[in-house]
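Computed over heavy atoms, backbone and side chain alike; hydrogens, waters and symmetry mates excluded. In the text below, chain A, chain B and the rest are named by the order of the sequence lines, each starting its count at 1. Here the structure is a predicted model, which is why all the values come from computation and not from measurement.
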Number of protein chains: 2
Amino acid sequence: MSELPKYYVYKMRILEMIADLPPGTLIPTERTLALDFGTSRTTVRKAIGELVAEGKLTRTQGSGTYTGGPKITHVRQLTSFTEDAQAIGYTPSSEILEIEQLRVDGSHAVEAAHMHLAPGAPFVRVRRIRLGNGEPLGLETACIPGELAGFDERLRERGSLYATLREDFGIRITEVEDGVETYLAGPEEVRLLKVEMGSPLLRIDRTGFDDDGKVVEWTVGRFCGDRFRFVARTRAA
Amino acid sequence: MSELPKYYVYKMRILEMIADLPPGTLIPTERTLALDFGTSRTTVRKAIGELVAEGKLTRTQGSGTYTGGPKITHVRQLTSFTEDAQAIGYTPSSEILEIEQLRVDGSHAVEAAHMHLAPGAPFVRVRRIRLGNGEPLGLETACIPGELAGFDERLRERGSLYATLREDFGIRITEVEDGVETYLAGPEEVRLLKVEMGSPLLRIDRTGFDDDGKVVEWTVGRFCGDRFRFVARTRAA
DNA sequence: CGGCCAGATTGGTCTATGCCAATCTTGTGC
DNA sequence: GCACAAGATTGGCATAGACCAATCTGGCCG
């Protein structure tokens with residue numbers, strides 16, 4: 001017996017098989033591969049499962065398993081998703097799920113902590129799906145402290161959160177802090193982002209400050225790790 | 001039957017079980033949990049597997065499954081691992097695996113592309129394990145274009161790559177671009193970082209530029225997604 | 001020709017089971 | 001008491017098979 005697990009050996013063999021295939025190519029079925037390799041379907045599934053998590057394959061129940069495409073690179077500087085996505089050359093869009101004007105209560109402990117808000121303080125919460133070229137890339141929840149009259153209509157009109165804050169409400173974000181960590185997809189992400197249960201996501205949270213160092217934005221996004229790449233460029237002081 | 005997969009239901013039940021437990025607490029065995037839940041061990045393993053990938057549990061063969069600790073946050077500005085890690089309050093260290101003075105050949109296609117080097121051009125490659133408080137956090141491979149005489153000794157002496165480049169070789173990095181994406185652990189990461197096969201990692205690549213915009217550093221790191229959090233802070237122009 | 005339905009195909013989940021490898025425990029012999 | 005070896009425990013890997021759900025295909029019928 002080899003030193004490596006079988007499923008990992010097959011993973012590498014499948015990787016070779018698909019290396020030169022164009023994106024979207026159908027590969028043999030799990031049952032076929034199991035027969036070819038002389039192993040069980042369970043083992044093949046584990047191998048394919050990792051390749052799916054890495055974005056090299058995609059599975060569709062009832063249809064088959066296909067090769068995947070290249071990653072989309074996302075440069076995030078002092079701009080927003082909408083603003084900088086356009087500059088890179090893919091078409092960004094958003095689907096608004098929910099806009100609410102809220103007041104801090106017991107169920108907003110996390111938000112309140114990040115924005116330094118006392119119980120009862122007003123804030124706006126926006127939940128959106130982020131799309132690139134029509135494909136869902138991530139799920140983003142943005143919170144802005146304060147009471148913003150007519151925010152709903154303004155945002156739907158402009159499309160860009162940052163532009164709306166700047167143009168319509170005079171809120172200027174001059175410094176941001178981005179945090180990135182890994183996260184595994186749960187039911188909500190599966191449903192909205194069309195990823196597999198348990199596939200790794202990038203959890204990106206952003207805190208935006210104004211000139212006075214006050215927190216004027218707090219956003220959490222869960223982006224597909226296999227379709228997304230976070231880039232930050234930093235200059236010397 | 002519920003709409004959610006069983007393994008996901010059990011994952012949540014286990015999550016509740018361990019919510020209030022201190023880090024390092026032993027939880028029941030997989031076989032016990034399978035009996036308690038009235039399900040198979042395979043299903044319990046899948047549930048536990050995801051919790052492990054998220055860093056909430058750790059498994060040790062022959063010993064048992066234990067609750068995990070909180071994440072370490074890593075702020076990365078225009079500094080290096082060594083330099084900024086100290087500021088946060090945990091003890092960073094490195095274990096040098098390999099230092100080589102190389103020349104670009106066919107096996108260095110990726111490195112050559114990122115550093116804009118022609119075949120035959122010299123560069124130094126350093127492979128290190130990054131530790132925080134003695135625990136392995138990541139695996140980093142740094143490449144620096146050029147022929148750096150006595151680099152090996154200087155680096156081992158100083159410990160910090162950036163300090164060595166700056167103090168001993170007059171190389172100043174004034175701008176960096178960091179990229180972050182997800183990655184799954186393979187055999188090498190399993191061996192060196194003590195993570196599970198297939199667990200999600202943060203793959204962080206950094207390109208460093210000097211005043212002239214020339215690439216003077218290219219680094220790739222694979223950091224434990226469950227122990228690591230990447231933070232970038234950006235100011236307005 | 002177009003629309004619809006039945007069956008085949010394919011991935012998704014789960015079970016039951018076996019053996020291996022790392023670790024821990026226990027007891028024996030010195 | 002201590003060291004070491006044997007056995008028990010625990011997670012790691014793999015198998016074979018079953019059933020479900022989504023999808024696709026092909027043929028029938030209007």
Side-chain angles (χ1 to χ4, degrees), chain A residues 1-14 24-53 56-68 184-187 189-191 194-199, chain B residues 1-14 24-53 56-68 184-187 189-191 194-199:
Chain A
M1 166 144 169
S2 166
E3 56 179 24
L4 271 76
K6 275 192 186 180
Y7 82 85
Y8 193 77
V9 175
Y10 299 138
K11 176 184 171 184
M12 290 311 171
R13 269 172 73 173
I14 296 172
T25 308
L26 182 66
I27 73 165
T29 69
E30 296 176 351
R31 288 168 176 88
T32 304
L33 286 173
L35 271 177
D36 286 358
F37 291 156
T39 187
S40 71
R41 195 184 147 209
T42 313
T43 303
V44 171
R45 268 188 71 75
K46 184 154 185 177
I48 290 179
E50 294 210 350
L51 292 169
V52 170
K56 301 200 171 66
L57 292 175
T58 62
R59 291 194 272 215
T60 311
Q61 183 175 151
S63 177
T65 305
Y66 304 83
T67 54
L184 290 191
E189 289 86 20
V190 170
R191 186 163 43 85
K194 296 194 270 182
V195 296
E196 293 201 353
M197 282 289 281
S199 54
Chain B
M1 168 145 170
S2 166
E3 55 179 25
L4 270 78
K6 275 192 185 181
Y7 79 85
Y8 193 78
V9 175
Y10 299 139
K11 175 183 172 185
M12 290 311 171
R13 268 171 74 172
I14 296 172
T25 308
L26 182 66
I27 73 166
T29 70
E30 297 176 349
R31 289 168 175 87
T32 304
L33 286 173
L35 271 177
D36 286 358
F37 291 157
T39 185
S40 71
R41 196 184 144 209
T42 313
T43 303
V44 171
R45 267 188 73 74
K46 183 152 186 179
I48 290 179
E50 295 209 349
L51 292 169
V52 170
K56 301 199 170 65
L57 292 175
T58 63
R59 291 194 272 216
T60 310
Q61 184 176 148
S63 177
T65 305
Y66 305 83
T67 54
L184 290 191
E189 289 85 21
V190 169
R191 186 163 43 85
K194 295 195 270 183
V195 296
E196 294 201 352
M197 282 288 282
S199 55

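Between the P atom of dG11(C) and the NZ atom of Lys46(A) lies a distance of 19 Å, rounded to the nearest Å. The nearest whole Å value for the distance from the CZ atom in Arg41(A) to the P atom in dG17(D) is 13 Å. As rounded to whole Å, 9 Å separates atom C1' of dC13(D) from atom OH of Tyr7(A). In this entry the distance linking NZ of Lys11(B) with P of dT13(C) reads 13 Å, nearest Å. For the pair Leu26(B) CG and dT25(C) P, the interatomic distance rounds to 10 Å; values are reported in whole Å. To the nearest angstrom, P of dG12(D) lies 14 Å from CD of Glu50(A). Atoms CZ (Arg59(B)) and C1' (dG12(D)) sit 8 Å apart, rounded to a whole Å. Across the protein-nucleic acid pair, Arg31(A) atom CZ and dA16(D) atom P stand 14 Å apart, rounded to whole Å.
Contact between the side-chain N/O atoms of Ser40(A) and the OP1/OP2 oxygens of dG17(D) is not found at any separation under 4.0 Å. Neither OP1 nor OP2 of dA16(C) sits under 4.0 Å from any side-chain N or O of Thr42(B). The shortest distance between the side-chain N/O atoms of Ser63(B) and the OP1/OP2 oxygens of dC24(C) is below 4.0 Å. Regarding contacts with the backbone of dT15(C), a side-chain N or O of Thr39(B) is found under 4.0 angstrom from either OP1 or OP2. Residue Thr60(B) places no side-chain N or O under 4.0 Å from the OP1 or OP2 atom of dT10(D). Between Lys6(A) and dT15(D) there is a side-chain N or O to OP1 or OP2 distance below 4.0 Å.
Backbone-only engagement by Thr29(A) is indicated by non-hydrogen atom pairs under 4.0 Å involving sugar-phosphate atoms exclusively.
To the nearest 0.5 Å, the span separating NZ on Lys11(B) from CZ on Arg13(B) amounts to 15.5 Å.
Put simply, the side chain of Thr25(B) never gets that close to the backbone of Thr67(B): no donor and acceptor are under 3.5 Å apart.
At a cut-off of 3.5 angstrom, the base of dG11(C) holds no donor-acceptor pair with the side chain of Arg45(A).
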